[in-house]
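Only this structure's heavy atoms are used, side chains among them; waters, hydrogens and symmetry mates stay out.
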Amino acid sequence: FAACSRYPDCKGTAPLEIGVGCPREGCSGRLVEKRSKRGRTFYGCNRYPECDFASWSKPVPAPCPDCGGLVVEKASKAKGSFQQCTLCKLEIPE
């Protein structure tokens with residue numbers, strides 16, 4: 001999150017926007033980085049509770065070249081880090 005630099009006089013905070021629009025149909029929100037109760041990072045729509053989209057994987061600004069869906073960053077021991085579409089499961093090389 002971003003916080004006011006004049007703390008403790010100013011206690012304003014704002015979530016970090018990652019530059020990706022919400023993939024839910026009809027939602028005009030933007031995806032922001034958030035923290036769960038246990039401190040794990042996830043990405044959700046800034047229009048919550050109107051839109052309840054959430055993802056554990058970090059979304060990428062570029063849409064899928066095949067279907068136009070949301071692309072997220074993934075990692076595995078066998079493949080290393082790669083990008084994958086959430087709709088068609090296409091793996092996109094970085």
| remark: For Phe82, the ring-ring contact (aromatic ring centres under 6.0 Å, His included) test, sequence neighbours excluded, returns none
| query | Would a hydrophobic clustering, with Ile, Leu, Val, Met, Phe, Trp and Tyr connected at side-chain separations under 4.5 Å, put Tyr43 with Val20? | reply | yes
| Cluster check Phe53, Tyr48: I/L/V/M/F/W/Y, side chain < 4.5 angstrom | no
| message | Under 4.0 Å between a side-chain nitrogen and a carboxylate oxygen: does that hold for Glu17 and Arg30? | response | yes
| query | Between CD1 of Ile92 and NZ of Lys74, what distance do you get to the nearest 0.5 Å? | reply | 12.5 Å
| field | Salt bridge present between Glu91 and Lys79 (N-O < 4.0 angstrom) | value | yes
| task | Applying side chain to side chain contact (heavy atoms under 4.5 Å, CB included) between Cys22 and each of Cys45, Ser28, Pro59, report the one that passes. | result | Cys45
| task | Write down the atom of Leu87, the atom of Gly69, and the distance for their closest heavy-atom approach. | result | CD1-CA, 3.6 Å
| field | Minimum-distance pair of heavy atoms, taken over all atoms of Asn46 and Gly29 | value | OD1-CA, 3.4 Å
| Working for side chain to side chain contact (heavy atoms under 4.5 Å, CB included), residues Asp52 and Arg24 | CA-CA 9 Å; Asp52 63 352; Arg24 287 270 165 93; 2.5 Å; yes
| said: Quick check: closest heavy atoms across Pro63 and Val71, and the distance to 0.1 Å? | reply: C-CG2, 3.8 Å
| task | Considering non-hydrogen atoms only, spot the tightest contact between Glu73 and Ser57 and give its length. | result | O-CB, 3.5 Å
| Is the closest side-chain heavy-atom distance between Leu90 and Gln84 below 4.5 Å? | no
| message | Membership question, hydrophobic clusters at under 4.5 Å side-chain separation (ILVMFWY): are Leu70 and Phe42 in the same one? | response | no
| Are Val72 and Val32 joined in one hydrophobic group, where the rule is that I, L, V, M, F, W and Y side chains link up if heavy atoms are under 4.5 Å apart? | no
| task | Ignoring hydrogens and angles, tell me if any N or O in the side chain of Arg35 forms a donor-acceptor pair with the backbone of Gly39 under 3.5 Å. | result | yes
